[in-house]
Amino acid sequence: MTDYADELTLRDARAVYFARAGFDESSYSARWVRLQAGPVPFFMLNSAARVRAVRLHDLHHVVTGYDTSWTGEGEIGAWEVASGCAGHVAAWHLNLLAMGIGLVIAPRAVFAAFVRGRRTRNFYREAYGDALLAESVGGARRRLGLAGATSIRASAAERTAFVGWSAAAAAAWLVSTVLPLVLVGLGVRACIG
């Protein structure tokens, strides 16, 4: 977890986050986004829906303290799914994929983040802009219910929701990876058969 000082504005804390993660604001206007899976780079279309969601997602990294490692992305994916992505379809999809990775590499951390998300709020129902960016990190944390100690002792309803959303994360992976490979395989088979 990465900590950002409560007195920083979200704008200033995001600048620190960008510097630590090797990002910058130009990623919001780039046509393609480069991601790294170990030594292998891959590229994702930077759609308007993705940009709309990632501007808020980046602020969520600041207020939650989850970093940009694979585990951190799994945690924030689970936290955002549990706290709700509202009308941000790209956020739902990308967060389910991140949660799926997290379930494989850090299931306990992802579970704790999910429970935290069920008990807090996020920015997905708010307008991104100068007013939000001017808010202090501490003020945003308090408003979203993120200030103070959090217990990971989950209720039965939280455990049930976690199982359901974990199944949704697995389904998102199947639809996003396995299905396209099957379709490509069928296309190749049709071409040579």
Side-chain angles (χ1 to χ4, degrees), residues 1-30 33 35-36 46 48-99 101-102 105-106 108-154 158 162 165:
M1 296 258 286
T2 305
D3 194 28
Y4 297 88
D6 281 347
E7 62 273 2
L8 288 175
T9 64
L10 289 172
R11 176 184 272 102
D12 292 340
R14 185 186 62 184
V16 173
Y17 159 77
F18 281 157
R20 287 178 178 166
F23 303 148
D24 62 44
E25 206 167 346
S26 69
S27 66
Y28 298 152
S29 60
V33 177
L35 303 170
Q36 197 77 25
N46 200 22
R50 183 192 174 278
V51 171
R52 187 173 149 252
V54 81
R55 285 181 170 153
L56 298 169
H57 174 87
D58 288 343
L59 297 177
H60 290 153
H61 274 286
V62 168
V63 296
T64 62
Y66 299 130
D67 62 32
T68 58
S69 66
W70 284 105
T71 297
E73 290 297 341
E75 289 172 313
I76 200 161
W79 179 81
E80 288 187 354
V81 164
S83 57
C85 299
H88 294 268
V89 176
W92 283 111
H93 180 72
L94 295 171
N95 283 319
L96 284 170
L97 294 177
M99 184 177 171
I101 291 170
I105 64 172
R108 288 177 191 248
V110 167
F111 177 72
F114 183 87
V115 171
R116 186 182 187 203
R118 295 277 294 187
R119 298 173 183 185
T120 57
R121 293 172 303 289
N122 65 43
F123 297 129
Y124 281 130
R125 289 169 183 79
E126 299 182 26
Y128 173 85
D130 289 335
L132 180 60
L133 293 171
E135 186 174 2
S136 73
V137 170
R141 285 180 179 144
R142 285 187 295 279
R143 187 167 60 78
L144 299 176
L146 289 162
T150 57
S151 167
I152 64 163
R153 188 166 179 82
E158 289 166 335
F162 181 74
W165 282 108

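- Here CG of Leu132 is found 6.0 Å from CD of Glu126. Values are rounded to the nearest 0.5 Å.
- Atoms CZ and CG, from Arg119 and Leu146 in turn, are 12.5 Å apart once rounded to the nearest 0.5 Å.
- Side chain of Asn46 to backbone of Ala30: a donor-acceptor contact under 3.5 angstrom is found.
- Within the 4.5 Å cutoff, the side chain of Asn95 has heavy atoms near those of the His57 side chain.
- To the nearest 0.5 Å, atom CZ of residue Arg11 and atom CD of residue Glu25 are 8.0 Å apart.
- Between Ala82 and Phe114 the shortest heavy-atom distance is CB-O, 3.1 Å.
- For Asn122 against Ser83, the heavy-atom pair with the smallest separation is ND2-OG, 2.7 Å.
- Counting only heavy atoms from C-beta outward, the side chains of Leu56 and His88 approach each other to under 4.5 Å.
- Side-chain atoms of Asp6 never come within 3.5 Å of backbone atoms of Ser136 as a donor-acceptor pair (strictly under, hydrogens ignored).
- At a cut-off of 3.5 Å, with distance as the only test, no side-chain donor of His61 or Glu75 sits close to an acceptor on the other residue.
- Nearest approach of Thr120 to Gly145, heavy atoms of both residues: CG2-O, 3.2 Å.
- At a threshold of 4.5 Å between non-hydrogen side-chain atoms, the residues Leu133 and Thr9 do not count as touching.
- The distance from the OG1 atom of Thr64 to the CG atom of Asp3 is 10.5 Å, given to the nearest 0.5 Å.
- No donor-acceptor pair closer than 3.5 Å links the side chain of Trp70 to the backbone N or O of Ala98.
- Thr2 has its side chain out of reach of Tyr17: every pair of non-hydrogen atoms, C-beta onward, lies at least 4.5 Å apart.
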task: Any chance you could lay out the side-chain contact (heavy atoms from CB on, under 4.5 Å) test for Val63 and Tyr4, step after step, and finish with the verdict?
output: CA-CA 8 Å; Val63 296; Tyr4 297 88; over 6 Å; no
- request: Start with the C-alpha distance between Val54 and Phe23, add both sets of side-chain angles, then the distance that settles side-chain contact (heavy atoms from CB on, under 4.5 Å), and finish with yes or no.
  value: CA-CA 12 Å; Val54 81; Phe23 303 148; over 6 Å; no
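- Note that CD of Glu80 is 10.5 Å distant from OH of Tyr66, once rounded to the nearest 0.5 Å.
- The minimum heavy-atom distance between Ala21 and Thr68, with the atom names listed, is CB-OG1, 3.8 Å.
- In this structure, His60 and Tyr124 have perpendicular ring planes: the angle between them is above 60°, well past the 30° mark.
- Listed here is the closest heavy atom pair of Ala106 and Thr71: CB-CG2, 3.7 Å.
- Of the inter-residue distances, the one linking Arg50 atom CZ with Tyr28 atom OH reads 9.0 Å to the nearest 0.5 angstrom.
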- request: Would you check, one step at a time, whether the test side-chain contact (heavy atoms from CB on, under 4.5 Å) holds for Phe162 with Met99?
  value: CA-CA 11 Å; Phe162 181 74; Met99 184 177 171; 3.9 Å; yes
